[in-house]
Amino acid sequence: MRLDYFLAHSTGLSRKDVKQLISRGAVAVDGEARPRASTRLHPGQGVWLHGEPVQLPGHRYLMLHKPGGVVCSTDDPDHRTVLDLLPGAERPGLHVAGRLDLDTTGLVLLTSDGQWSHRLTAPGRRCAKRYRVTCADPVTEADLRLLREGIPLRGEDRPTLPAAAESLGERSLRLTLHEGRYHQVKRMLAALGNKVVALHREQIGEIALDPALAPGQYRALTDHEVASIAP
Ligand code: URA
(Lines give C-alpha, C1' and ligand atoms only; values in the text may rest on other atoms or scores of the structure.)
Protein backbone atom coordinates (compact mmCIF):
# COMPACT_ATOMS: atom_id res chain seq x y z
CA MET A 1 0.00 0.00 0.00
CA ARG A 2 1.21 3.56 -0.75
CA LEU A 3 2.20 5.66 2.27
CA ASP A 4 -0.20 8.54 1.46
CA TYR A 5 -3.10 6.13 0.99
CA PHE A 6 -2.29 4.32 4.24
CA LEU A 7 -2.05 7.55 6.24
CA ALA A 8 -5.26 8.97 4.79
CA HIS A 9 -6.99 5.72 5.70
CA SER A 10 -5.65 5.43 9.22
CA THR A 11 -5.93 9.12 10.23
CA GLY A 12 -8.98 10.27 8.28
CA LEU A 13 -6.98 13.17 6.78
CA SER A 14 -7.30 14.02 3.08
CA ARG A 15 -4.64 12.75 0.66
CA LYS A 16 -3.69 16.42 0.04
CA ASP A 17 -3.09 17.08 3.77
CA VAL A 18 -1.20 13.81 4.11
CA LYS A 19 1.08 14.70 1.18
CA GLN A 20 1.88 18.03 2.83
CA LEU A 21 2.74 16.31 6.12
CA ILE A 22 5.03 13.88 4.32
CA SER A 23 6.81 16.64 2.39
CA ARG A 24 7.24 18.65 5.63
CA GLY A 25 9.03 15.65 7.20
CA ALA A 26 6.31 14.93 9.81
CA VAL A 27 6.14 11.27 8.77
CA ALA A 28 8.76 8.61 9.45
CA VAL A 29 8.81 5.08 8.03
CA ASP A 30 11.08 2.23 9.13
CA GLY A 31 13.96 1.73 6.77
CA GLU A 32 13.08 4.75 4.57
CA ALA A 33 15.43 7.69 4.96
CA ARG A 34 13.12 10.05 3.06
CA PRO A 35 9.64 8.59 2.74
CA ARG A 36 7.59 9.97 -0.13
CA ALA A 37 3.85 9.91 -0.72
CA SER A 38 4.39 7.12 -3.24
CA THR A 39 6.59 5.00 -0.91
CA ARG A 40 5.23 1.45 -0.82
CA LEU A 41 4.74 0.01 2.69
CA HIS A 42 5.46 -3.61 3.45
CA PRO A 43 3.57 -5.60 6.11
CA GLY A 44 5.03 -4.96 9.55
CA GLN A 45 6.79 -1.73 8.55
CA GLY A 46 6.25 0.94 11.23
CA VAL A 47 4.92 4.41 10.38
CA TRP A 48 5.11 7.42 12.70
CA LEU A 49 3.27 10.74 12.41
CA HIS A 50 4.71 13.55 14.56
CA GLY A 51 6.63 10.84 16.44
CA GLU A 52 3.48 8.82 17.27
CA PRO A 53 3.05 5.31 15.81
CA VAL A 54 0.23 4.93 13.28
CA GLN A 55 -1.27 1.46 13.05
CA LEU A 56 -1.92 -0.32 9.79
CA PRO A 57 -5.67 -0.32 9.38
CA GLY A 58 -7.36 -3.57 10.24
CA HIS A 59 -4.76 -4.94 12.63
CA ARG A 60 -5.92 -5.57 16.17
CA TYR A 61 -3.89 -6.05 19.33
CA LEU A 62 -5.43 -7.21 22.61
CA MET A 63 -4.27 -8.24 26.07
CA LEU A 64 -6.26 -10.83 27.96
CA HIS A 65 -6.09 -12.01 31.56
CA LYS A 66 -6.09 -15.76 30.99
CA PRO A 67 -7.78 -17.79 33.71
CA GLY A 68 -6.70 -21.36 34.44
CA GLY A 69 -8.43 -24.16 32.50
CA VAL A 70 -8.52 -22.26 29.19
CA VAL A 71 -6.28 -23.24 26.24
CA CYS A 72 -4.32 -20.83 24.09
CA SER A 73 -5.02 -22.61 20.79
CA THR A 74 -7.72 -21.25 18.51
CA ASP A 75 -9.91 -24.34 18.76
CA ASP A 76 -9.91 -27.33 21.05
CA PRO A 77 -12.32 -30.24 21.35
CA ASP A 78 -12.08 -30.49 25.15
CA HIS A 79 -11.52 -27.04 26.63
CA ARG A 80 -12.63 -23.45 26.27
CA THR A 81 -10.10 -21.39 24.30
CA VAL A 82 -8.93 -17.85 24.91
CA LEU A 83 -10.91 -16.83 21.81
CA ASP A 84 -14.09 -18.14 23.47
CA LEU A 85 -13.58 -15.42 26.10
CA LEU A 86 -13.98 -12.70 23.44
CA PRO A 87 -17.24 -11.55 21.84
CA GLY A 88 -17.80 -13.31 18.51
CA ALA A 89 -17.21 -10.16 16.47
CA GLU A 90 -13.72 -9.71 17.97
CA ARG A 91 -12.49 -13.23 17.11
CA PRO A 92 -11.97 -13.48 13.34
CA GLY A 93 -8.33 -13.28 12.30
CA LEU A 94 -6.87 -13.20 15.83
CA HIS A 95 -4.10 -15.53 17.01
CA VAL A 96 -2.19 -15.88 20.26
CA ALA A 97 1.32 -14.40 20.38
CA GLY A 98 3.12 -16.65 22.89
CA ARG A 99 1.06 -19.43 24.41
CA LEU A 100 0.58 -20.41 28.04
CA ASP A 101 -0.17 -23.87 29.41
CA LEU A 102 -3.74 -24.84 30.27
CA ASP A 103 -3.21 -24.24 34.00
CA THR A 104 -1.05 -21.08 33.68
CA THR A 105 -2.80 -17.77 34.31
CA GLY A 106 -2.00 -14.18 33.35
CA LEU A 107 -1.00 -12.11 30.36
CA VAL A 108 -1.85 -13.37 26.88
CA LEU A 109 -1.48 -11.17 23.79
CA LEU A 110 -3.75 -11.67 20.80
CA THR A 111 -3.32 -10.02 17.43
CA SER A 112 -4.18 -10.20 13.75
CA ASP A 113 -0.67 -8.96 12.89
CA GLY A 114 1.59 -11.91 12.10
CA GLN A 115 4.72 -9.77 11.78
CA TRP A 116 4.15 -8.27 15.20
CA SER A 117 3.64 -11.64 16.91
CA HIS A 118 6.71 -12.99 15.13
CA ARG A 119 8.75 -10.18 16.67
CA LEU A 120 7.45 -11.18 20.12
CA THR A 121 8.24 -14.84 19.76
CA ALA A 122 11.32 -14.97 17.47
CA PRO A 123 14.15 -16.58 19.52
CA GLY A 124 16.70 -14.05 18.23
CA ARG A 125 14.73 -11.16 19.75
CA ARG A 126 15.04 -12.51 23.30
CA CYS A 127 11.87 -10.71 24.34
CA ALA A 128 11.59 -10.83 28.17
CA LYS A 129 8.70 -12.76 29.74
CA ARG A 130 8.12 -12.28 33.47
CA TYR A 131 6.42 -14.94 35.59
CA ARG A 132 5.32 -15.31 39.20
CA VAL A 133 6.01 -18.89 40.20
CA THR A 134 4.74 -20.80 43.23
CA CYS A 135 6.48 -24.07 44.03
CA ALA A 136 5.68 -27.15 46.10
CA ASP A 137 8.98 -27.01 47.99
CA PRO A 138 11.17 -24.18 49.28
CA VAL A 139 13.37 -22.40 46.71
CA THR A 140 16.88 -21.90 48.06
CA GLU A 141 19.47 -19.22 47.31
CA ALA A 142 21.45 -21.90 45.48
CA ASP A 143 18.38 -22.63 43.30
CA LEU A 144 18.02 -18.93 42.46
CA ARG A 145 21.68 -18.78 41.51
CA LEU A 146 21.31 -21.77 39.17
CA LEU A 147 18.19 -20.26 37.57
CA ARG A 148 20.11 -17.03 36.98
CA GLU A 149 23.13 -18.77 35.48
CA GLY A 150 21.20 -21.20 33.25
CA ILE A 151 20.47 -24.85 33.83
CA PRO A 152 20.48 -27.95 31.60
CA LEU A 153 17.00 -29.20 30.73
CA ARG A 154 16.27 -32.87 30.27
CA GLY A 155 16.57 -33.87 26.60
CA GLU A 156 18.20 -30.60 25.46
CA ASP A 157 21.81 -29.85 24.50
CA ARG A 158 21.91 -26.21 25.52
CA PRO A 159 21.35 -24.95 29.07
CA THR A 160 18.76 -22.23 29.56
CA LEU A 161 19.84 -18.64 28.92
CA PRO A 162 20.67 -16.53 31.96
CA ALA A 163 17.42 -15.43 33.66
CA ALA A 164 16.48 -12.96 36.36
CA ALA A 165 15.26 -14.73 39.49
CA GLU A 166 14.08 -13.00 42.65
CA SER A 167 12.63 -14.60 45.77
CA LEU A 168 9.08 -13.54 46.71
CA GLY A 169 8.81 -15.89 49.69
CA GLU A 170 9.93 -19.33 50.80
CA ARG A 171 8.12 -21.09 47.95
CA SER A 172 7.58 -18.33 45.43
CA LEU A 173 9.73 -16.37 43.04
CA ARG A 174 9.64 -13.96 40.12
CA LEU A 175 11.40 -15.34 37.06
CA THR A 176 12.17 -13.38 33.88
CA LEU A 177 13.13 -15.46 30.83
CA HIS A 178 14.49 -14.30 27.48
CA GLU A 179 13.49 -17.41 25.56
CA GLY A 180 10.36 -19.54 25.33
CA ARG A 181 11.06 -23.25 25.34
CA TYR A 182 8.32 -25.81 25.78
CA HIS A 183 7.00 -25.76 29.40
CA GLN A 184 10.18 -23.90 30.23
CA VAL A 185 9.41 -22.62 33.73
CA LYS A 186 8.04 -25.96 34.90
CA ARG A 187 11.01 -27.83 33.42
CA MET A 188 13.51 -25.42 35.00
CA LEU A 189 12.02 -25.95 38.43
CA ALA A 190 11.77 -29.71 37.81
CA ALA A 191 15.51 -29.71 36.98
CA LEU A 192 16.02 -28.37 40.53
CA GLY A 193 13.92 -31.18 42.00
CA ASN A 194 10.98 -28.87 42.68
CA LYS A 195 7.46 -28.65 41.22
CA VAL A 196 5.50 -25.62 40.01
CA VAL A 197 2.07 -25.51 41.63
CA ALA A 198 0.97 -22.11 40.25
CA LEU A 199 2.32 -20.06 37.35
CA HIS A 200 1.23 -16.57 36.35
CA ARG A 201 2.63 -14.41 33.52
CA GLU A 202 2.91 -10.78 34.55
CA GLN A 203 4.67 -9.13 31.62
CA ILE A 204 5.94 -9.58 28.05
CA GLY A 205 8.58 -7.08 26.95
CA GLU A 206 7.27 -3.74 28.25
CA ILE A 207 3.64 -4.86 28.21
CA ALA A 208 2.41 -5.61 31.75
CA LEU A 209 -0.91 -7.28 32.55
CA ASP A 210 -3.35 -4.47 33.38
CA PRO A 211 -4.32 -4.88 37.08
CA ALA A 212 -7.82 -3.61 36.18
CA LEU A 213 -8.45 -6.80 34.18
CA ALA A 214 -10.07 -9.63 36.15
CA PRO A 215 -9.43 -13.20 34.94
CA GLY A 216 -11.26 -13.65 31.62
CA GLN A 217 -11.31 -9.91 30.80
CA TYR A 218 -9.46 -8.24 27.94
CA ARG A 219 -8.73 -4.80 26.50
CA ALA A 220 -7.15 -3.33 23.37
CA LEU A 221 -3.45 -2.51 23.66
CA THR A 222 -2.58 1.17 23.61
CA ASP A 223 -0.62 2.51 20.62
CA HIS A 224 2.34 2.83 22.96
CA GLU A 225 2.14 -0.84 23.98
CA VAL A 226 1.86 -1.96 20.34
CA ALA A 227 4.84 0.19 19.33
CA SER A 228 6.93 -1.15 22.25
CA ILE A 229 7.43 -4.37 20.26
CA ALA A 230 9.66 -2.49 17.87
CA PRO A 231 10.31 -3.65 14.28
N1 URA B 1 6.57 -21.99 31.15
C2 URA B 1 5.77 -23.03 31.47
O3 URA B 1 6.23 -24.05 31.97
N4 URA B 1 4.45 -22.90 31.23
C5 URA B 1 3.88 -21.78 30.72
O6 URA B 1 2.66 -21.73 30.55
C7 URA B 1 4.73 -20.71 30.41
C8 URA B 1 6.07 -20.84 30.64
Side-chain angles (χ1 to χ4, degrees), residues 62-76 78-86 94-111 116-139 143-169 171-210 213-218 229:
L62 306 177
M63 74 159 71
L64 174 97
H65 186 162
K66 178 189 172 303
V70 172
V71 289
C72 278
S73 45
T74 39
D75 73 305
D76 186 279
D78 302 318
H79 298 98
R80 278 203 310 162
T81 74
V82 285
L83 288 182
D84 294 332
L85 300 172
L86 307 176
L94 287 180
H95 63 269
V96 174
R99 295 177 178 202
L100 292 177
D101 295 339
L102 179 68
D103 54 350
T104 304
T105 59
L107 177 63
V108 166
L109 298 174
L110 294 133
T111 183
W116 189 83
S117 57
H118 178 73
R119 297 204 292 276
L120 267 177
T121 51
R125 288 267 184 164
R126 303 209 169 162
C127 182
K129 276 143 265 178
R130 198 176 82 201
Y131 297 91
R132 206 171 58 229
V133 191
T134 310
C135 297
D137 296 313
V139 180
D143 291 337
L144 293 174
R145 220 173 18 252
L146 286 168
L147 292 169
R148 288 182 195 126
E149 286 168 2
I151 43 181
L153 294 182
R154 188 193 283 230
E156 295 204 19
D157 306 335
R158 285 178 304 112
T160 55
L161 289 175
E166 165 201 2
S167 175
L168 296 175
R171 290 177 162 75
S172 62
L173 68 146
R174 180 165 283 133
L175 189 61
T176 305
L177 304 182
H178 295 89
E179 55 187 340
R181 303 193 207 178
Y182 184 63
H183 294 322
Q184 184 163 348
V185 175
K186 291 174 185 167
R187 290 166 69 212
M188 286 171 85
L189 272 298
L192 298 172
N194 210 327
K195 184 173 161 46
V196 171
V197 294
L199 183 58
H200 180 82
R201 185 156 64 192
E202 299 178 322
Q203 190 160 333
I204 300 175
E206 291 175 26
I207 305 175
L209 180 62
D210 188 331
L213 294 178
Q217 290 186 328
Y218 75 99
I229 308 298

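In each ligand, atom 1 is the first atom listed, and ligand 1 is the first ligand listed. As the structure is a computational prediction, the values presented were derived from the model and not from experiment.
Residue contacts with ligand 1 for T104 involve side-chain atoms from C-beta outward but no N, CA, C or O (heavy atoms, distance under 4.0 Å). When non-hydrogen atoms are compared, ligand 1 lies under 4.0 Å from the side chain of L199 (C-beta onward) but not from its backbone.
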task: Could you walk me through whether L85 and R80 pass the side chain to side chain contact (heavy atoms under 4.5 Å, CB included) test, one step at a time?
output: CA-CA 8 Å; L85 300 172; R80 278 203 310 162; 3.5 Å; yes

- request: Check step by step if side chain to side chain contact (heavy atoms under 4.5 Å, CB included) holds for K186 and T104.
  value: CA-CA 10 Å; K186 291 174 185 167; T104 304; 4.1 Å; yes

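Distances from ligand 1 to the non-hydrogen atoms of Y131 include at least one value under 4.0 Å.
For the atom pair L109 CG and R99 CZ, the distance stands at 14.0 Å (nearest 0.5 Å). Note that the CG atom of L110 and the CG atom of L86 stand 6.0 Å from one another [nearest 0.5 Å]. Separating the CD atom in Q217 from the NZ atom in K66 is a distance of 16.0 Å, to the nearest 0.5 Å.
Of the candidates D101, L100, V108, the one placing a heavy atom closest to atom 4 (N) of ligand 1 is D101.
Of all atoms in ligand 1, listed by their number and element, those nearer than 4.0 Å to a heavy atom of Q184 are 1 (N), 2 (C), 3 (O). Less than 4.0 angstrom separates some heavy atom of H183 from each of these atoms of ligand 1: 1 (N), 2 (C), 3 (O).
Atom 1 (N) of ligand 1 has its closest protein heavy atom at V185 N, 3.1 Å.
For the pair N194 and P138, the tightest heavy-atom approach, listed with the atom from each and the gap, is ND2-O, 3.4 Å.
Checked against a 3.5 angstrom limit, the closest N/O atoms of R187 and ligand 1 fall outside it.
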